[in-house]
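Below is one structure, written out as structure tokens; the observations come after it.
Keep in mind that the numbers below use all heavy atoms, side chains included, and drop hydrogens, waters and symmetry copies. Counting convention: from 1, in listed order, for ligands and their atoms alike.
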Amino acid sequence: MQLLDGKATSESIKKELAQAVKNRKEQGKKIPHLAAILVGTDGGSMTYVNAKVKACDQIGFESTLIRYDDSVPEEILLAKVQSLNEDKSIDGFIVQLPLPGHIDEMKITQAIDPLKDVDGFHPVNLGNMVLNLPGFLPATPAGIVELIKRNGIETEGKNCVVIGRSNIVGMPLSIMLARNTNPGNCTVTLTHSRTKNLEEICSNADILISAIGRPGFVKADMVKEGAVVIDVGTTRVSDTSRARGWRLRGDVDFENVSKKASFITPVPGGVGPMTIASLMINTLRAMELKGK
Ligand code: GUN
């Protein structure tokens, strides 16, 4: 078994980006500027947004964090999105999801200028992805594809099973891996809560990717000997041995599945850091696309 070390891979990407920033500075060019909107105090969302801001610092990007209380009205958030769309100093921005129940996430996403949508969630960017046209790819699926690529994993003709059909991970990932690209050209099965015979389908996968947020859901008997296993789950579970009282747990029963897998991502340190690296790649591109 070989560990798919997303932390190490993301560090190499961040080094490349830091070099690109350094080159730009030397040429007197603008430095990328990412803004992030965070609503409320959800622990997971705060951790992710802080990690995004930290990555900007590390690479040399500018960053702006905009925070709102849980009770922020939708109109205020929409007005902020509009002002970020118009702000020439901001190259790209994200609205961290999930949003509180009284806010329509799709309405917010659709209000973002597709040219600044570095999360790749806007329908225009998702449409471009489906058609293999230039645009911003959603950060988590793009990070997974990059992890596969940089670790030399062959995907062509492979059976790939994705568990979970969310708009931000499972659905776009299933399309990206089926496209006529490299990595890509997989035969993809997208499974979900209504799938019958899930265990049997998973046990035929050469590449198995789980994105459902159910700790330990993928058991060793669902995994083929030698499969590549990618775990997108990051659920906080109670852990009294830690001072903070919790730890992150993935969808995969790592201890047992790692004995059968050829490659496997750890949690934490697998897909999470790759999501952040992809967001940074998209932010640099957002600036370059404008010819800045
Ligand atoms: N919530 C979970 N993953 C993501 C992500 O990649 N971007 C945003 N904006 N919210 C998320």
**Request:** Please answer: with hydrophobic residues joined when any side-chain heavy atoms are less than 4.5 Å apart, are M171 and I207 in the same cluster?
**Result:** yes
**Item:** Contact check: I168 vs ligand 1, nitrogen or oxygen atoms, below 3.5 angstrom
**Value:** no
**Request:** Under 4.0 Å, heavy atoms only, figure out whether ligand 1 is touched by the backbone of F121, its side chain, both or neither.
**Result:** side chain
**Request:** Just need the protein heavy atom nearest to atom 11 (C) of ligand 1, so name the residue and atom and give the distance.
**Result:** Q96 NE2, 3.3 Å
**Asked** So which bit of E105 gets within less than 4.0 Å of ligand 1, heavy atoms only: side chain, backbone, both or neither?
**Response** neither
**Prompt:** Are any of the side-chain nitrogens in D91 or K116 under 4.0 Å away from the carboxylate oxygens of its partner?
**Reply:** no
**Asked** Judged by atom type as modelled, is there a donor-acceptor pair below 3.5 Å linking the side chain of D119 to the main-chain atoms of I94?
**Response** no
**Asked** Between D119 and ligand 1, which part of the residue brings a heavy atom under 4.0 Å of the ligand: side chain, backbone, both or neither?
**Response** side chain
**Item:** Salt-bridge contact R247-D239 (side-chain N to carboxylate O under 4.0 Å)
**Value:** yes
**Shortest protein contact, atom 10 (N) of ligand 1 (heavy atom only)** = L97 N, 3.0 Å
**Message:** So that I can tick it off, tell me whether E11 and K15 are bridged by a salt bridge, with the cut-off set at under 4.0 angstrom between side-chain N and carboxylate O.
**Reply:** no
